[in-house]
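Working notes, structure below.
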Amino acid sequence: MPKPPSTMPRDLLEEPVVFGRPGDVTWVQPTTPAAYASARAAELQHHFVVETTDRLERLGRSKSWLEERSGITAGRLSKLLRGYAQLTLRDVVALEGILGPMLTELDFSPFGVRDSSLQARYQHGQ
């Protein structure tokens, strides 16, 4: 299977500017298995970013502090937090090493997929 084209996570939101911000968001509906996987990854990253930002605020720390401590470059962290770059497991490990476990503690309901063939194929993701 060919690799799907790279998509910025924020582009999978109806309003990309709200990526990484708390509150309700509306996701572009996927119509293919590749689009479904991209949308779910973007959704997970969005919630991870919301939690990352919340923890920074609770700690009274800046993004530059997090960059310095995590080893993630300034440009990369900014792109991750705004949805211009895709989060990797390496990024997760670097951020959780400083802020504590987050990925496994995220609590959100995945957005509903309207495409019936995708619903049937990915029934456990609903």
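From a predicted model like this one, the values you see are computed outputs, not experimental measurements.
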State the [atom1]-[atom2] distance between [X] and [Y], to the nearest 0.5 angstrom.
X: Glu67; Y: Leu77; atom1: CD; atom2: CG; value: 5.0 Å
X: Arg61; Y: Glu68; atom1: CZ; atom2: CD; value: 10.0 Å
X: Leu44; Y: Leu103; atom1: CG; atom2: CG; value: 5.0 Å
X: Thr32; Y: Arg121; atom1: OG1; atom2: CZ; value: 9.5 Å

If you compare all heavy atoms of [X] against all heavy atoms of [Y], which two are closest, and at what distance to 0.1 Å?
X: Leu99; Y: Arg55; answer: O-NH1, 2.8 Å
X: Ile72; Y: Arg76; answer: CG2-CG, 3.7 Å
X: Leu118; Y: Pro30; answer: CD1-O, 3.3 Å
X: Gly83; Y: Gln45; answer: CA-NE2, 4.3 Å

Do [X] and [Y] make a side-chain contact, defined as non-hydrogen atoms from C-beta onward lying under 4.5 Å apart?
X: Leu56; Y: Lys63; answer: yes
X: Asp54; Y: Pro22; answer: no
X: Leu106; Y: Val50; answer: no
X: Val25; Y: Phe111; answer: no
X: Thr52; Y: Leu80; answer: no
X: Leu87; Y: Val92; answer: yes
X: Tyr122; Y: Val113; answer: no
X: Glu43; Y: Pro110; answer: yes

Taking [Y]'s backbone N and O only, do any of them form a donor-acceptor pair with [X]'s side chain (distance below 3.5 Å, no angle check)?
X: Arg82; Y: Gly20; answer: no
X: Gln86; Y: Pro9; answer: no
X: Gln29; Y: Gly112; answer: yes
X: Ser78; Y: Ala74; answer: no

Check: Taking a hydrophobic cluster as the set of Ile, Leu, Val, Met, Phe, Trp and Tyr residues connected by side-chain heavy atoms closer than 4.5 Å, whether directly or through intermediates, do Tyr36 and Val28 fall within one such cluster?
Finding: no
Check: In terms of hydrophobic clustering (I, L, V, M, F, W, Y; side-chain heavy atoms under 4.5 Å; direct or indirect links), are Leu59 and Ile98 co-clustered?
Finding: yes
Next item on the list: Decide, yes or no, whether a salt bridge links Arg58 with Glu51 under the criterion of side-chain N to carboxylate O below 4.0 Å.
Entry: yes
Next item on the list: Check the surroundings of atom CD in Glu15: do more than 12 heavy atoms from other residues, nucleotides or ligands lie under 6.0 Å from it?
Entry: no
Check: So His46 and Phe19, would you call those rings parallel, tilted or perpendicular, with 30° and 60° as cut-offs?
Finding: perpendicular
